[in-house]
Structure formats: structure tokens, C-alpha cells
There are 2 protein chains.
Amino acid sequence: MFIFFVTSIQTMGTAERKAKEKEELKNLILQAARKLFAENGIEQTTIRNIAQEIEYSVGTVYVYFKDKNEILHHLHIQGFKQLGGDMRVLASVDDPMERLRALGRVYLRFAIENPDMYELMFSMKAPMEFLETLHNQEWNEGKATFDFLRTTVNQCMEKGHFKGHELEALSFTIWSATHGMASLHINQRIKGVNLCGPETMLDRAYDELVMLINRA
Amino acid sequence: MFIFFVTSIQTMGTAERKAKEKEELKNLILQAARKLFAENGIEQTTIRNIAQEIEYSVGTVYVYFKDKNEILHHLHIQGFKQLGGDMRVLASVDDPMERLRALGRVYLRFAIENPDMYELMFSMKAPMEFLETLHNQEWNEGKATFDFLRTTVNQCMEKGHFKGHELEALSFTIWSATHGMASLHINQRIKGVNLCGPETMLDRAYDELVMLINRA
DNA sequence: AAAGAAAATGAACATCGTTCAATATCTACA
DNA sequence: TGTAGATATTGAACGATGTTCATTTTCTTT
């Protein structure tokens, strides 16, 4: 599919080096973007800020990324890699019910510690809009994360839990409940609704969910 | 605190009329904003659009509203009034468990039918940021809505359900689960995760939640 | 060393929310 | 009824944003 016009034996060496340099700069942009996100939030981070951070011009950023959505999409993938890593730690937990309960706590901790990243992954339009510009591209990151949950729920079922429930729908319900807590917390919708601190409320609420799940 | 300099007997009449006219124009702006929201979405709706819709200048909008956040906050209140009205219909349902189950369906239907309004009410920063600019102002809209849920859950407890659960935390958990479904649906995070249509998935997932609740 | 390819630049454009001096309209009273 | 003062409305202008692209700079090959 790709045709390279090779004009000499040495050309291939420099071409590889150039490709590596391009990749490095691309990563440098993403790294700067992520740093500025963590420092000032996504909304406050502009293309000009990113360019200034890596000491390149604005136009250069657009040489390496089609638009801001593509940058956000790449960071959204990085976020899923981090969350995936956090979740894989639980692979060592043998009892599926215990793993399921721990999974939600890992998920919630990730959301609380990386609120901007979480919003990018599960709320913002930008990364999904970029996904739509690609043809036939599916949301593999979300799929993989959900698969981990579904597999765990399935193992719970095999052990006799969740009788009468549907695997797919129940997994989605559990995801929804946990995501809902994270979402309401990040979007500051807990404030004013209860008396205790929002993080305490999250822990208590998750305990309630666990109680509901344990019964089934 | 407010001092009116009244210069004649008739002054009060015209002052009232003026106040009413101001109120009417304010409502006209909100009405136009809401119409444009429904037509083109919140993100695509600009102050200039709103001004053009009501055939006033841009500056006029800023005479009646401090900034865009204030407009969004007013519409966010309107949304809660509508949702509150939808929910109050269920006051006639005697059995609290039945009312609780129906409450979630009403909530989900509202979210699906008014996605932009829902986002404004439960996700966007703007209305909460405006709330913070006010002095000592709490999120009364959210409180009132949550109270309806908490009251219902409390009545369920009085009938012997949810033994061992905490009222406040369990209510929040149920809200989270339902909100999570709405949020994932509106933010297009269901696509690609499952095979069936997203709305079918929502119904199935809510049924699973109901099963969990019924057991407790 | 020079020509051609590749990379980097930053001024310029359209649009956004927002401001405010200037203008237009209306009100109250002689 | 006419006029001064209050009130309401205007829209050009500002700064910031994402984005584009003709131009310039740098690198590569011969």
C-alpha cells in the first residue's frame, strides 16, 4: 500500500531516523498536553499553551495532529491504558466476587485522582467525535475495559451468583452505578445534597452498592 | 435595602409596567435560548444567535444577564421544574417500592428525551459556576429532586425493605446508577460496548437494577 | 555547493464571550 | 406640549480561541 522511492542505500537509514524523530515530537506534544491538563484543566489548555510548553510554533502542532480532537483522543487512549493497568493488578484476586468489589474501588479511585482524564474518557464529546471521523473505527478502549468487568461478572455467575440476571445488562448496570458516582462527584453534583464530605459519601454509596450485589 | 425615589403618585404605575416589561424580555431571551438549545444543541448556541432570534442586539442580552453562565443557570432551573413535574405525577402511586421503580423510569425518560437539558442539569460546569458566584447559595434544585427520591426510599424502609442499608447513601447509590445509565447514553459511551441498540440496553440495564433493589 | 525535499513558522481568519462609550427612547414635570 | 434627565438599546471593539497556509528555514542528496 505504501510506496517509498528509495534513491540510495543510505536513504533508508535517515528515513527511519526521521520517522523516529517525528514520533518523538508527537509524543512530546502529547506529554506537554497531559502536563498542562493536570496543571490547569482541559478547558484552560489551548493549542498555543501546548506549543509554548514544547517551544515550537502553533503550526507545528497541526503538522502532527489534524486538530485538537485528535490530541484529546490520543490522551483518552493513554487514560485507558493507565486505568487498564490499575485494573490488571486485580487479576491476581481469585474470588470473582471479591475481584468485582475491588474493581469498582479501583475505578472510583482512578476517577477521583484523575478527574480531568476521567471526563475525557467517559464524558467529553471530543475523543468520540474524532473516532467518528475515522471510518469503521470502534471504541476499542471502552470495549476492553468493559470486557474486564463483564468477564468478572461472568465468573461470578459461574459460581452461582446473580441468578436470573443477564450478563451484559447486569455488567452495564454495575458500570453505570460506579460511573454515576464518579460523574456526580466530578461534576460537583454531590455538594449540597448531603451533609458529609463528598468523598466520604462516595465510599458509603459504594458500600451500599456492594451490599446490593452481595445479596444477588 | 433598596431605595426607590418616588417623584409622583403615578410613578409607581409605570415602574411596575417597566418591571414587567423587563421580566418579559428576560423570559423572551430564555425562551429563545431554550429553543436554540433544542434545535442545535447547547454548544452550537451563541449569545449572538440568541440575540438574533429575538431581534435584539448582543449588548441587550448582557443588560438582562450578567454572563452566559447565568442564562445556563436559569435554564438549568427550568429543567428541574420540568423534571419535578414529571416526578410529581408519581405521588399518586401508593406503594413506595412501586413508586421507586417508576421514579427511575421517569428520570431516564427525561434524560433520553432532553439530553441537552439533562447535561445542563447534571454535568455542565456552567450553572454550578454561576451558583458559586452567588453568596451562600446552595443547589436547591438538586436538593429538592434528591429529596423526592430519599423520601420514597425512606418509605420503603419503613415498610421493611433495605434492612441494613443507610437511607442517605442508598438513595445516592440508586441515583448514581440511574444517572450513570443516562450519562453513558447521552455521552455515547454505550456504542460499541454492546450489540443491541443503546435504548434497549438502557431498559434492560434498568430492569437489572430493579431486580437488585427488589431483593433488598 | 546547490537543488530539491521536508519541517517549522507565525501572521491572518473566523468565531466566541464580553465590554462600554455612544445613541436612541421614554418619562416626569414645568 | 416641550425639554431635561433617566432608562434602554446598540454595535463596534477587545482579547482569546481553533485553524489554515503561504512563506521561510532546515536538512538531505548528489
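By convention in this document, chain letters (A, B, ...) are assigned in the order of the sequence lines, proteins followed by strands, and residues within each chain are numbered from 1.
Pairs engaging residues 144-153 of chain B under the salt bridge (charged side-chain N to carboxylate O under 4.0 Å, His left out) rule: B:Asp147-B:Arg150, B:Arg150-B:Glu168 [sequence neighbours left out]. For residues 183-196 of chain A, the pairs satisfying salt bridge (charged side-chain N to carboxylate O under 4.0 Å, His left out) are A:Lys191-B:Glu132, with sequence neighbours left out.
The distance from atom CD of A:Glu55 to atom C1' of C:dA8 is 14 Å, rounded to the nearest whole Å. Rounded to whole Å, atom P of C:dA5 lies 16 Å from atom NZ of A:Lys22. Across the protein-nucleic acid pair, B:Glu21 atom CD and C:dT27 atom C1' stand 12 Å apart, rounded to whole Å. Straight-line distance from the CD atom of A:Glu24 to the C1' atom of C:dA7: 15 Å, rounded to whole Å. Taking atom CD1 of residue A:Ile29 and atom C1' of nucleotide C:dA8, one finds them 11 Å apart after rounding to whole Å. Rounded to an integer number of Å, the gap from CZ of B:Phe65 to P of C:dT19 is 15 Å. In this structure, B:Ile42 places its CD1 atom 13 Å from P of C:dG17, rounding to the nearest Å. In this structure, CD of A:Gln52 is placed 13 Å from P of C:dT9, rounded to the nearest angstrom.
Residues satisfying the ring-ring contact (aromatic ring centres under 6.0 Å, His included) criterion with B:Phe80, sequence neighbours excluded, are B:His76, B:Phe122, B:Trp139. With sequence neighbours excluded, the residues that form a side chain to side chain contact (heavy atoms under 4.5 Å, CB included) with B:Glu138 are B:Asn140, B:Lys143. When the side chain to side chain contact (heavy atoms under 4.5 Å, CB included) test is applied to B:Lys35, the partners found at least two apart in sequence or on another chain are B:Glu39, B:Glu53. Taking A:His74 as the reference, A:Phe65 meet the ring-ring contact (aromatic ring centres under 6.0 Å, His included) condition, with sequence neighbours excluded. B:Asp86 meets the side chain to side chain contact (heavy atoms under 4.5 Å, CB included) test with B:Val106, B:Phe110; sequence neighbours excluded. The side chain to side chain contact (heavy atoms under 4.5 Å, CB included) check on B:Thr133 picks up B:Lys66, B:Phe130, with sequence neighbours excluded.
Of all nucleotides listed (D:dA8, C:dA7, D:dG11), D:dA8 comes nearest to the side chain of B:Tyr64.
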Table of protein N/O atoms under 3.5 Å from nucleotides 15-22 of chain D N/O atoms:
from, atom 1, to, atom 2, distance (Å)
D:dG18, OP1, A:Lys68, NZ, 2.7
D:dG18, OP2, A:Ile47, N, 3.1
D:dG18, N7, A:Arg48, NH1, 2.8
D:dG18, O6, A:Arg48, NH2, 2.9
D:dT19, OP2, A:Tyr62, OH, 2.7
D:dT19, OP2, A:Lys68, N, 2.9
D:dT19, O5', A:Tyr62, OH, 3.3
D:dT19, O4, A:Arg48, NH2, 3.4

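Checked by atom type and distance alone, the side chain of A:Ser123 never pairs as donor or acceptor with a backbone atom of A:Leu120 at under 3.5 Å.
Listed in residue order, the members of residues 120-135 of chain A having a heavy atom less than 4.0 Å from DNA chain C come to none.
Within 6.0 Å of CD on B:Gln52 lie no more than 12 heavy atoms contributed by other residues, nucleotides or ligands.
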Please output the side-chain donor-acceptor pairs of residues 170-182 of chain A that fall under 3.5 Å, not counting sequence neighbours, one pair per line with the distance.
from, atom 1, to, atom 2, distance (Å)
A:Ser171, OG, A:Leu167, O, 2.7
A:Thr173, OG1, A:Ala169, O, 2.9
A:Thr173, OG1, B:Ala205, O, 2.8
A:Trp175, NE1, A:Tyr107, OH, 3.0
A:Ser176, OG, A:Phe172, O, 2.9
A:Thr178, OG1, A:Ile174, O, 2.8
A:His179, ND1, A:Tyr118, OH, 2.6
A:His179, NE2, B:Ser183, OG, 2.8

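With the end axes of the helix from C:dA1-D:dT30 to C:dA30-D:dT1 each set by five pairs, the angle from one to the other reads 20° at 10° resolution.
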